[in-house]
Amino acid sequence: MVTAMNGQSESVQIPFPLLVPLCLYIRGPIPYKHSTNLTKPMRDAMSKILRVLVSLLFLQASASWADSDSVYDSFLQCLNTKTKSSNTTQLSSIVYAQNNPSYTPILQAYIRNSRFNRTSTPKPLLVVTPLTESHVQASVLCAKLAGVQLKIRSGGHDYEGISYWSSQTFIVLDMFNLRSIAVNIEDNSVWAQAGATLGELYYRIWEKSKVHAFPAGICQLVGVGGHISGGGYGNLLRKYGLAVDNVLDAQIVNANGELLDRKSMGEDLFWAIKGGGGGSFGVIISYKLKLVSVPEVVTIFRVEKTLEEDATALVLRWQEVAPTTDDGLFMRLLLQPVSSKVKKGEKTVRATVMAEFLGNGDQLVTLLGKEFPELGLTKENCTETSWIESILWWANFDIGTSPEALLDRMPNDANFLKRKSDYVQTPISKDGLEWLWKKMIELGKTGLVFNPYGGEMSRIAPSETPFPHRAGNLFKIQYSVNWEDAGEDLEKNYTTESKRLFSYMTPFVSKNPRSAFLNYRDLDIGASSNGAPTYEEGKVYGVKYFNDNFDRLVKVKTAVDPENFFYNEQSIPILPSSHTDVKSGSNSNIPTGKLLSLLVYLLIAGW
């Protein structure tokens with residue numbers, strides 16, 4: 001009897017008279033002296049039994065690791081061997097089995113979407129929290145030996161939670177302990193490990209200089225590894241591009257457990273992990289990043305208008321100005337259905353412009369007075385501050401909050417949420433906007449966030465990094481809906497609402513393909529049906545995320561991970577000719593010797 005990884009059982013009885021012929025069949029062509037003793041039905045039976053036995057061999061290999069009583073000890077023993085460590089106590093302190101009282105707190109600490117924090121959510125066999133690069137290397141080798149999927153979590157902000165759940169038997173490699181940051185102002189660089197947060201990165205830069213920054217995201221809790229490998233952006237993108245446009249070097253552990261830097265990994269793999277998603281190619285350990293210059297004084301503002309205050313005119317003009325204005329000005333536009341203050345009992349749409357300008361308030365008011373009079377910006381709307389204080393403002397802290405607040409990781413901080421994305425290449429007309437307002441009000445809750453491109457984004461070639469959405473894109477849309485209470489009906493309601501708004505936007509967004517942003521993960525646009533995605537499955541979402549860069553990513557993936565060990569629901573697939581069957585979550589490595597020994601015995605016995 002063999003218990004498979006999906007919990008089902010299979011039993012196979014092999015008649016003893018067939019065992020010796022079977023091993024001869026495995027060995028190769030049967031010698032004449034044996035073949036004369038075999039009937040055709042016996043040979044046919046041997047062929048079928050061989051396939052069953054080999055399948056059971058791999059099922060047993062994986063099933064032995066899925067046994068909760070043995071997985072912890074087996075993995076710990078493997079780690080001890082692969083790290084050549086004599087400190088078993090330290091290794092045991094970084095591996096959490098499901099029966100460990102700390103397992104649930106460790107797993108839940110960096111779950112940032114409550115949709116995937118339920119009792120019904122599939123849980124990892126183990127959570128491994130490495131302290132050193134060698135722990136990561138050993139974890140890769142041991143998970144590979146076990147035939148168990150490895151999910152990699154740096155900050156837990158994947159919108160679909162695929163860094164900490166899976167339909168396969170899996171282990172979570174949680175990188176939060178690998179969070180060192182080394183700033184070098186002399187050469188304008190910083191090494192940041194994957195488990196560091198953006199808030200920690202910004203704080204450490206600020207400690208060393210008040211006129212240096214890094215162009216990454218506005219959420220201070222996001223992990224460096226996932227953010228950068230997925231093509232992260234922030235409010236400096238029009239001046240300095242994406243985070244991946246400012247990567248100088250990197251360290252990654254590949255599927256062979258090797259620790260590589262840019263030189264040893266080669267330029268193709270280095271290219272791939274600058275926007276292609278690190279989880280497809282290995283475990284990102286750290287990135288070396290190029291620091292950029294910011295003035296001592298920057299200006300921020302927030303201006304709101306509803307439809308009753310002619311928000312339509314504001315949005316129309318925003319589409320013209322935001323992607324073309326001064327490179328040092330980033331104006332984010334938020335659109336949200338809200339209760340009307342003018343017409344009681346009715347809803348309206350509120351348009352909010354949140355902006356940061358690399359200059360002073362007088363310069364900004366003069367600039368937008370000419371380019372964007374519909375906004376009605378005044379000096380009173382503006383706040384002059386430092387770059388680090390603007391980071392706090394974007395993160396919804398009050399003006400004057402100490403920068404130390406950026407070091408608070410806020411574990412267990414999560415809402416229920418759903419996100420989607422789109423790209424707009426032609427301004428939406430007034431009629432289109434007015435139709436859109438009606439649909440948003442009908443739906444009731446889902447909002448839109450418009451993030452302008454242009455500037456440096458238009459000067460970087462689409463093939464420079466895997467992130468292809470450059471010149472020709474006016475702005476990116478994020479569909480955003482949050483809710484606070486659990487419940488299947490609520491989730492179905494809100495996720496359906498976001499899908500409907502996404503459908504309504506079809507006439508206004510990019511086509512062939514309808515492009516999407518990897519770091520706004522959305523399984524609705526395509527995903528693996530079971531286990532590692534096939535090439536055809538991967539192409540469905542891959543072309544949307546990466547456009548013409550998808551095929552190059554597939555070639556890199558096939559070259560560096562031909563067995564497709566690193567995979568997830570939307571990972572880069574390997575070329576079909578190189579495909580190995582990992583749909584069950586297992587691979588060709590044997591974690592247990594029992595059935596292997598049986599097979600070897602049969603081979604020997606056949607002679």
Side-chain angles (χ1 to χ4, degrees), residues 140 144 149-152 162 225-226 228-232 242-245 247-285 287 460-470 512-519 521 525-583 587-589:
V140 168
K144 190 175 183 182
Q149 185 184 21
L150 192 67
K151 287 293 188 100
I152 306 155
I162 66 170
I228 296 178
S229 66
L242 306 172
V244 293
D245 299 324
V247 173
L248 302 171
D249 202 342
Q251 290 183 310
I252 187 172
V253 172
N254 67 9
N256 296 322
E258 300 166 316
L259 179 62
L260 308 174
D261 61 9
R262 178 175 182 174
K263 182 177 180 180
S264 55
M265 78 176 75
E267 289 301 305
D268 283 339
L269 180 53
F270 182 64
W271 174 86
I273 62 174
K274 296 189 299 177
S280 290
F281 303 96
V283 183
I284 301 294
I285 298 295
Y287 282 107
I460 298 173
S463 60
E464 186 70 21
T465 69
F467 180 97
H469 317 294
R470 305 289 187 168
N512 301 317
R514 183 171 183 172
S515 294
F517 176 41
L518 179 63
N519 272 2
R521 179 86 65 187
I525 68 171
S528 164
S529 59
N530 179 31
T534 64
Y535 175 81
E536 291 304 320
E537 287 175 330
K539 188 174 182 178
V540 172
Y541 56 82
V543 171
K544 296 171 186 176
Y545 285 139
F546 307 111
N547 296 179
D548 292 341
N549 294 327
F550 173 69
D551 284 336
R552 182 179 175 187
L553 285 167
V554 171
K555 291 177 182 177
V556 175
K557 167 71 173 179
T558 305
V560 303
D561 185 16
E563 294 180 357
N564 209 358
F565 171 68
F566 291 108
Y567 72 91
N568 59 50
E569 289 72 11
Q570 282 191 340
S571 58
I572 301 297
I574 58 176
L575 288 168
S577 59
S578 302
H579 181 66
T580 54
D581 186 9
V582 293
K583 301 299 283 187
N587 59 27
S588 59
N589 295 287

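We count residues from 1, following the sequence as given. Please read all numbers here as calculations on a predicted model, not as lab measurements. Reckoned from all heavy atoms, side chains included, excluding hydrogens, waters and symmetry mates.
Within the 4.5 Å cutoff, no side-chain heavy atoms of V560 are placed close to those of N254. A heavy-atom distance below 4.5 Å is not found between the side chains of K151 and F566. Using a 4.5 Å heavy-atom cutoff, the side chains of V253 and I285 are in contact. Two residues are said to be in side-chain contact when any heavy atoms from C-beta on lie closer than 4.5 Å; V283 and I252 fail this criterion. Looking only at side-chain heavy atoms (C-beta outward), L260 and F270 stay at 4.5 Å or farther from each other. Taking the side chain as every heavy atom from C-beta outward, K557 and N564 approach each other to under 4.5 Å.
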* To do: Under the side-chain contact (heavy atoms from CB on, under 4.5 Å) rule, what do K263 and D249 come out as? Steps first, then yes or no, please.
  => CA-CA 9 Å; K263 182 177 180 180; D249 202 342; over 6 Å; no

* Asked: Would F565 and L150 count as a side-chain contact (heavy atoms from CB on, under 4.5 Å) if you check the C-alpha gap in whole Å, the side-chain angles of each, and the deciding distance to 0.1 Å?
  -> CA-CA 8 Å; F565 171 68; L150 192 67; 4.0 Å; yes

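Put simply, the side chain of S229 never gets that close to the backbone of G277: no donor and acceptor are under 3.5 Å apart. Within the 3.5 Å criterion, the main-chain N or O of S571 finds a donor-acceptor partner in the side chain of Y541. Side-chain N or O atoms of Q251 include none that pairs as donor or acceptor with a backbone N or O of Y287 at under 3.5 Å. Here the side chain of Q570 pairs no donor or acceptor atom with the backbone of S528 at under 3.5 angstrom. Distance alone, capped at 3.5 Å, places no donor-acceptor pair between the N256 side chain and the E258 backbone. Formation of a donor-acceptor pair under 3.5 Å by the N547 side chain with backbone atoms of S515 is not found in this model.
Annotation: the span from E569 atom CD to N530 atom CG amounts to 10.0 Å, rounded to 0.5 Å. Atom OG1 of residue T465 and atom CG of residue D245 lie 5.5 Å apart, to the nearest 0.5 angstrom. Between the CD1 atom of I574 and the OH atom of Y567 there is a distance of 12.0 Å, given to the nearest 0.5 Å. With values rounded to the nearest 0.5 angstrom, L518 atom CG is found 13.5 Å from K544 atom NZ.
In terms of heavy-atom proximity, D551 sits nearest to Y535 at OD1-OH, 3.2 Å. Counting all heavy atoms, side chain and backbone alike, I228 lies closest to A243 at CG1-CB, 4.1 Å. Of all the heavy atoms in G231 and V244, the pair that sits closest is CA-CG1, 3.8 Å. Heavy atoms only, all atoms of each residue included: A516 and I525 are closest at CB-CD1, 3.9 Å. Closest heavy-atom contact between P466 and A272: CG-O, 3.6 Å. Residues I572 and S280 approach most closely at N-OG, 2.9 Å, considering heavy atoms.
Atom CG of D548 has 12 or fewer neighbouring heavy atoms from other residues, nucleotides or ligands inside a 6.0 Å radius.
Side-chain contact check for S529 and E537: at least one donor-acceptor pair (N or O, by modelled atom type) lies under 3.5 Å. Side-chain contact annotation: R470 with S463, donor-acceptor N/O pair under 3.5 Å absent.
Salt-bridge annotation for E464 and K274: absent, with no side-chain N of the basic residue lying under 4.0 Å from a carboxylate O of the acidic one. Residues R552 and D268 are paired through a salt bridge, judged by an N-O separation under 4.0 Å between the basic side chain and the carboxylate. A salt bridge does not link K144 to D561: none of the charged side-chain nitrogens sits closer than 4.0 Å to a carboxylate oxygen.
For E267, the salt bridge (Lys or Arg N to Asp or Glu O under 4.0 Å) partners are R262, not counting sequence neighbours.
Relative orientation of the F467 and F517 rings is perpendicular, given thresholds of 30° and 60° on the angle between their planes.
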